Enquirer: 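First the structure, then my questions, so here it is.
This structure is a prediction, so every number in the text was calculated from the model and none was measured. Chain letters run A, B, ... following the sequence lines, proteins first and then strands; every chain starts at 1.
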Amino acid sequence: MTSTTSAEPTRRDFLYVATGAAAAVGAAAVAWPLISQMNPDASTIAAGAPIEVDLTPIAEGQDIKVFWRGKPIYIMNRTKKQVEEARSVNMSNLPDPQTDQARVKEGHDQWLVVIGICTHLGCIPIAHEGSYGGFFCPCHGSVYDTSGRIRQGPAPLNLAVPPYAFVSDTKIKIG
Amino acid sequence: MSGPSSYNPQNPALKWIERRLPLGGLIHSSFIAYPTPRNLNYWWTFGAILSMMLAVQIITGVILAMHYTPHVDLAFKSVEGIVRDVNYGWLLRYLHSNGASMFFIAVYVHMLRGLYYGSYKEPREVLWILGVIIYLLMMATGFMGYVLPWGQMSFWGATVITNLFSAIPYVGDSIVTLLWGGYAVGNPTLNRFFSLHYLLPFVIAGVVVLHVWALHVAGQNNPAGVEPKTEKDTVPFTPYATIKDAFGMACFLLFFAWFVFYIPNYLGDPDNYVQANPAVTPAHIVPEWYYLPFYAILRSIPSKLGGVIAMFGAIIVLAFLPWLDSAKTRSSKYRPLAKQFFWIFVAVCLGLGYLGAQPPEGIYVIAGRILTVCYFAYFLIVLPLLSRIETARPLPNSIADDVLAKSGSRKAPMVSTMIAVAVGGSLLLGGMNNAKAENSHGTTPPSLSWSFAGPFGKFDQGQLQRGLKIYKEVCSACHALSLVAFRNLADPGGPGYTPAQAAAFAAEYKIKDGPNDAGDMFERPGRPADYFPSPFPNEQAARAANGGAAPPDLSLMAKARGYERGFPQFIFDAFMQFQEKGPNYIDALLQGYEEKAPAGFALPEGSYYNRIFPGHAIKMPKPLSDGQVTFDDGSPATVQQYAKDVAAFLMWTAEPHLEARKRLGLQVMIFLIIFCGLLYFTKRKVWAAAH
Ligand code: FES
């Protein structure tokens, strides 16, 4: 084909660029629903609503595991001794310094509520184990204390505290 | 045609790859430098449109499979979950379900184009046979896909089609059992259909590669039917064919978008919004429109085995076309008789499609037999005979001559074809509709005006709130609404409550939950995430309380009910975006109770006379009476008002994203119209250099 030069090269170029741009905009717009569908759907989001947990069956020194948004949550009724241990730690010994007071609700000092997912690679630590009497993660040996703070092993951060509040003295609402 | 590639990459990395895997050269010679006859018309863009539709189906299908559950207890619900809860799930599902229809429209145009222009003739026989194989694979894929939503038509369609194989002598029943993986269509059947429905499109894609390969070896046919001889006869694929195909595809997308956004259920059957029920067969089992001609052939033969053989024969005969028609002249343009017979054949196919949707009785059976004979006669008698006796008009010397000889007059046949196809297509669609009408005994609900109709349709929030009140105070005594959650009351495009109001509404309900730690079931107040509870603990209890017939779930009622619109109204409906059949029907039914059955009408024991209900005898007593529910907004407390409000509410429960669909549809239509315009002018500029 011999390419003939148009009389108005600028107008033609504009047309080509406009067409190409429209195609690009269209492709991007199509991509959006195709990606967005991967996000949690409405029923999953609704199922992630806050849950209420009754604390009365948990005796001192015991713990229970509940699920919220597919994550295990440890609720631990700590003994006086455990609370003291947690509070007497020197901050400078902690890889992720945080006071125990900052990790529990004021006035409910014995209750520890943490997301039971190891901050290393996501395994579930075992409660009441490890050299600090808190949690021990069997996967790669992370050790947490009775406040759920990381003390030894590869995990970089303390066990996360989920959003929760005391509805009454014996009831909490997680979420 | 695929001469040596002139592809010479300059980039060292590309050079390195090209020496080891000459993919770039392959793409270059197939889609860039590939010489294309310069006289191709728009019928040739359907090849590209088909590739696009295959891609659309595979992409949307892969995504839908991420959300779908192939289990008889969960399949129907998972499809509704996709449409209601997944982000843009309604769009993906409608793209996929309407995409199948678009795929078949395109393939029929593509096949008829091949037939008209003799694209199956030497040296393109293998190309044509590969095409027939693709078509067969498409039919199998489409059928199995239709089964997956596990609605009534899915289930009974699967039963009827798999039972075709029972016609095979001696081993038929064993084969059917083998296909089912059970004693009836059931969970194993659904599971394997899902597996195969996911597999076959990739097989299709593989055969498409062979099809395109064969095309590039033999070269494209063209409307003149003469092979390109010199450089002057062809243009390079890119940019000429590329831009023309792009324009064709964009126009097709516009057509596609109309269906997806404005009439998404137009081509589907309302019965498929009722969950599969192995105990009840729908009044008419009608296949999807694209199988209707073959269904008509099946039913025309008064023998089970004969019908099955004829139906499969009707497709297989296509594979022998290159040898049945041995005429030297390819294009029907130059074969005056073949041209006429071609159009008769098109009419025969449309006629068969129409008959496939009719009940197999009386005149329809006779007409079906005549057209079946015509169908086979075209391939087995007309074409072989014509190729021996017909004298073709002189062919142009070359494609270039053909292009030069073109005058304005050649627009006319194109227009008349369009009209013929449109009229034929409308007959076909009208026929489909008539079939479903047969049992509605002629009483048509009046067409009401709804705020949610039309391209700018929106639900009237007050109406939805009143409808909800009627549902709660009246309908919910018997009917469940199992697909609607309390949280949906606060969704955009719904009754417009705040999340707090929806939570308060939920809390008025007692929801059965459990088991708890003690292993007991217990009741608790409803939460927004809960679904509207059923008034009965299970189906058995519902049956017992309602004289044997379980009251249907109302979540999809407005989509699961249809009625006769008649020809030609049905055609206009496609243009007018009419899709308010369900609400019109519900409204008319609720108002259709009459105190006394007319004289001479034998009302069965335990039923009530209702002029709208099929058969006029309904088991449900008149649910609404004046003054039953009081409205806060001062709307009249009349049955007429109640009926309309609750019908609108049920439309929302059936299609909660209706507003979002119409809004997005408008944006898409505007974009596509602009895009088509741009492509058209770009195409003109590009082709200006070729003439
Ligand atoms: S995941 Fe817990 S230590 Fe690695």
Enquirer: Residues two or more places apart in sequence or in another chain: which of them pass ring pair (Phe, Tyr, Trp, His ring centres under 6.0 Å) with Phe671(B)?
Expert: Phe675(B)

Enquirer: Name the region of Tyr531(B), side chain, backbone, both or neither, that has any atom closer than 4.5 Å to a heavy atom of chain A.
Expert: side chain

Enquirer: Are Ser43(A) and Arg487(B) side-chain neighbours, meaning at least one heavy-atom pair lies under 4.5 Å?
Expert: yes

Enquirer: Under a 4.5 Å heavy-atom cutoff, which of Val686(B), Ile243(B), Leu672(B) has the most pairs with chain A?
Expert: Val686(B)

Enquirer: Does a sphere of radius 6.0 Å around CZ in Arg684(B) hold more than 12 heavy atoms from other residues, nucleotides or ligands, not counting ones at 6.0 Å or beyond?
Expert: no

Enquirer: In Å and rounded to the nearest 0.5 Å, what is the CG to CZ distance from Leu678(B) to Phe14(A)?
Expert: 8.0 Å

Enquirer: What do you reckon, is CZ of Phe681(B) surrounded by more than 12 foreign heavy atoms closer than 6.0 Å?
Expert: no

Enquirer: Need one label for Ile45(A): side chain, backbone, both or neither, based on atoms under 4.5 Å from any heavy atom in chain B.
Expert: neither

Enquirer: I'd like to know which of Ala22(A), Ala18(A), Pro57(A), Ala29(A) tops the heavy-atom pair count under 4.5 Å against chain B.
Expert: Ala22(A)

Enquirer: How long is the straight-line distance from NZ of Lys685(B) back to CZ of Arg11(A), given to the nearest 0.5 Å?
Expert: 6.0 Å

Enquirer: Find the distance between OH (Tyr88(B)) and CE (Met38(A)) and round it off to the nearest 0.5 Å.
Expert: 16.0 Å

Enquirer: Do Asp41(A) side-chain atoms and Asp85(B) backbone N/O form a donor-acceptor pair below 3.5 Å?
Expert: no

Enquirer: Heavy-atom count check: over 12 atoms from other residues, nucleotides or ligands less than 6.0 Å from Lys229(B) NZ?
Expert: yes

Enquirer: Decide if atom CZ of Phe505(B) counts as having more than 12 heavy atoms of other residues, nucleotides or ligands within a radius under 6.0 Å.
Expert: yes

Enquirer: Contact part of Leu679(B) toward chain A, heavy-atom cut-off under 4.5 Å: side chain, backbone, both or neither?
Expert: both

Enquirer: Quick check for you: to the nearest 0.5 Å, what is the distance between Lys683(B) atom NZ and Leu15(A) atom CG?
Expert: 12.5 Å

Enquirer: Can you tell me how far CG of Asn87(B) sits from CD of Gln37(A), rounded to the nearest 0.5 angstrom?
Expert: 8.0 Å

Enquirer: In this structure, are over 12 heavy atoms from other groups packed under 6.0 Å from Glu106(A) atom CD?
Expert: no

Enquirer: May I ask you to name which of Gly48(A), Ala47(A), Pro33(A) has the most heavy-atom pairs under 4.5 Å with chain B?
Expert: Pro33(A)

Enquirer: Heavy-atom count check: over 12 atoms from other residues, nucleotides or ligands less than 6.0 Å from Lys105(A) NZ?
Expert: yes

